[in-house]
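This report refers to the structure that appears directly beneath it.
FYI, side chains are in, hydrogens and waters are out, and symmetry mates aren't considered; it's all heavy atoms of this structure.
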2 protein chains.
Amino acid sequence: MDGRGTAGLLYLREEEIRLAMELLFYGYRDFTAGPDAILAELGMGRAHHRVLYFVGRHPGITVSELLAILRITKQSLGRVLQPLIAGGYVVQSRGRSDRRQRLLSLTSAGEALERRLFESQRALLARAFRDAGGPAVEGFRKVMLGLLGAEARARVGLRVSVAGAPVAGKVA
Amino acid sequence: MDGRGTAGLLYLREEEIRLAMELLFYGYRDFTAGPDAILAELGMGRAHHRVLYFVGRHPGITVSELLAILRITKQSLGRVLQPLIAGGYVVQSRGRSDRRQRLLSLTSAGEALERRLFESQRALLARAFRDAGGPAVEGFRKVMLGLLGAEARARVGLRVSVAGAPVAGKVA
DNA sequence: CTTGATATGTCAACGACACTGACGTATCCC
DNA sequence: GGGATACGTCAGTGTCGTTGACATATCAAG
């Protein structure tokens, strides 16, 4: 009736791809809206959140490692890290084996703020997970993992493969 | 053995949430890397891509509608729209029923560029979909939809519910 | 036909967050 | 001692968002 033939499949395929693109665009934006609002009140932005998050996840992380995760320059990190240190959210300590390193950790104030930002996103994500159901969450992880480059996949890959399973060992 | 009791469940739950957060962070970044590189060669950025994308999706869209989708100010849009018009990627035409409106459409050059950007992301997304499998893709859509706010959900919600089904009607 | 609302454009200033390039210091390691 | 490494910082630039103010064209209603 429409004479599309195989082109019809390509059309649907493209629609599926574009739908996913829009879900990622809107989803990422709405997912970050909560923390953005909280941070704005404190005169901070998304870059501060990222530092708080990864320092919280990796206490004692070096500046170099943090730069590699965020993929920004040290100049960019400095602009956001200094206020966090001055504001009492992050502390530096010299490396024990290598005294050139500055190991970063959260203060209790830093932990509290990171927790507050986390809870904002946790609420949204937990609701989305609950509404979608367990198998859907598993599918979500699979697809998202496929979007990661080699470097990022190496960072989270192991955790994806065991997510949901009651593993007692360290997950970091 | 570790005496966690119910706290253990909460711990795993939090790990699951943090994993999703990191997947979204790394995934969004790596997903946009392809277009970013192409656009950089043309002296454009991600904002130009978004305009090209949504104008391509909605030929004849008004400036107001585009602003509502992107959630930016007209000043921000202007800075990115003017170069696209000057570069011959987008054309404006006065609205027929309302001559105040400037309806936006892509030129053939605009369509070609949008197509090039699209193909870059399509390749990545198609591979992720294929590797993950059909049910996983369905789960991905469900979870992502749950992250959208009411406004964005109204824009893509209908399409999500019928995605994958061979619907002949209009999908926009 | 005047008048108020609407759609759009634009000037100016600013802020957040990224970049390159260059340089300095402390420390490590050979 | 000397080169490499880890980190910090100064200076300049670019993208992309913001607010505020103002101009113009057009619509829609009294």
Mapping Thr73(A) and Gly95(A) to their closest nucleotides on DNA chain C, which lands nearer the 5' end? Thr73(A)

Using only heavy-atom distances, determine whether the side chains of Tyr26(A) and Glu151(B) contain a donor-acceptor pair under 3.5 Å. no

Tell me if the side-chain of Arg100(B) makes a donor-acceptor pair with the base of dT8(C), cut-off 3.5 Å, by modelled atom types. no

Rounding to an integer number of Å, can you tell me how far Leu77(A) CG sits from dG8(D) P? 8 Å

Any side-chain N or O of Ser76(B) less than 4.0 Å from the OP1 or OP2 oxygen of dT18(D)? yes

Please list, by residue number, the residues of residues 28-52 of chain B whose heavy atoms come closer than 4.0 Å to an atom of DNA chain D; answer none if no residue qualifies. Gly45(B), Arg46(B), Ala47(B), His48(B), Arg50(B)

Write down the distance between CD (Gln75(A)) and C1' (dG14(D)), rounded to a whole number of angstrom. 15 Å

Identify the heavy atoms of Ala128(B) and Leu147(A) that sit nearest to each other, and give their distance. CB-CD2, 4.0 Å

Under 3.5 Å, is there a donor-acceptor pair linking the side chains of Glu114(A) and Tyr89(A)? no

Nearest-Å distance for atom pair CD/C1', residues Gln82(B) and dC11(C): 14 Å

Cation-pi check, Arg50(B) to Phe25(A): give yes when NZ or CZ is under 6.0 Å from the six-membered ring centre and within 45° of the ring axis, no otherwise. no

Lys/Arg-Asp/Glu bridge criterion (N-O < 4.0 Å) met for Arg18(B), Glu14(B): yes

Separation of dA16(C) atom C1' from Leu81(A) atom CG, nearest Å, is 16 Å

Grab the NZ-P distance between Lys74(B) and dG17(D) for me, whole Å please. 17 Å

Ring geometry between Tyr53(A) and His49(A) (parallel below 30°, tilted from 30 to 60°, perpendicular above 60°): perpendicular

Using a 4.0 Å heavy-atom cut-off, does Gln92(A) contact any base of the nucleic acid, only the sugar-phosphate backbone, or nothing at all? sugar-phosphate

Distance check needed: dT18(D) P versus Arg79(B) CZ, whole Å only. 9 Å

Using heavy atoms to find the nearest nucleotide of DNA chain D for Thr62(A) and Arg94(B) separately, return the residue whose nucleotide is more 5′. Thr62(A)

Would you mind reading off the distance between Gln101(B) atom CD and dA5(C) atom C1', rounded to a whole angstrom? 14 Å

Could you give the CZ-to-C1' distance, from Arg102(B) to dT6(C), as a whole number of Å? 13 Å

Are side-chain N/O atoms of Thr32(B) and Arg46(B) paired as donor and acceptor at under 3.5 Å? yes

